[in-house]
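Input: a single structure, listed below in structure tokens.
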Amino acid sequence: MSTHMQSSTVNSTCGPESSCTCLAGFWNYRNQECRPEVVLGGGCLYQGDCSSHNPVTVCEEGLCSCPSVTVDNTTYRLAGGPDVCSEGRVELRAAGAAAGWHHVCDDFWETEDATVLCRSLGFSVGTAVCCSLFGFAGTGALYAMDDVACLGAEPSLMACAHLSQHNCDDTEVAAVRCA
Ligand SMILES: [Ca+2]
Ligand SMILES: [Ca+2]
């Protein structure tokens, strides 16, 4: 939020006695600069670029992202959904896997699977969302899992029965709504 700047700067407004504040949509970086607040998926330099707009989001690899959680050497997060970070496509990165975030194929992607993923991210329940509602995998995207068959009580998605090989194209991206 806008707090007092030491002096006038770009994107600030100043009152009497050179009392300056950042304009709406900007945040005060160390009383030196009014930086733009950034929405989910936008480019960031500092954590405050993201959290000034939404305290839930984090600046990771230069983009405002939903926070990730690591369980048993695999890191999970949601992407492509609204700013609240309670829904989006499932992305994961396993230790030792090829660089970048990998996808989950939506074959047999169901309530139990979504719930395991959502619980590992700190929510209570999950609803399965199919068919790339929150974005496509993109050409050459990597899938880490297919035919996920959770029973519902597993600690993480990777702990569920699944195939590591897949037969999916880039429109078959598993997503969730968590609550
Ligand atoms: Ca399949
Ligand atoms: Ca399933």
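Just follow the structure's listing: the first ligand is 1, and inside any ligand the first atom is 1.
- Judged by distance alone, the side chains of D147 and H162 never bring a donor and an acceptor atom under 3.5 Å apart.
- Between Y46 and Y29, the ring-plane angle classifies as parallel under the 30° and 60° cut-offs.
- Coordination check, V148 versus the Ca ion (ligand 2): passed, since an N/O/S atom of the residue sits under 3.0 Å.
- Inclusion of A128 in the first shell of the Ca ion (ligand 2) is not supported: no N, O or S atom falls under 3.0 Å.
- Between V69 and the choices L117, T75, L121, the side-chain contact (heavy atoms from CB on, under 4.5 Å) rule is met once, by L121.
- Counting just the N/O/S atoms of E110, the one with the shortest distance to the Ca ion (ligand 2) is named OE1.
- At least one side-chain heavy atom of D83 sits under 4.5 Å from a side-chain heavy atom of H53.
- A side-chain donor from one of W27 and D49 sits under 3.5 Å from a side-chain acceptor of the other.
- Nearest N/O/S atom of D113 relative to the Ca ion (ligand 2): this is OD2.
- Angle subtended at the Ca ion (ligand 1) by D146 OD2 and D147 OD1: 90°, rounded to 10 degrees.
- Within the coordination shell of the Ca ion (ligand 2), defined by N, O or S atoms under 3.0 Å, E112 is absent.
- Summary: OD2 is the N/O/S atom of D107 found nearest to the Ca ion (ligand 1).
- Within 6.0 Å of CZ on F108 lie no more than 12 heavy atoms contributed by other residues, nucleotides or ligands.
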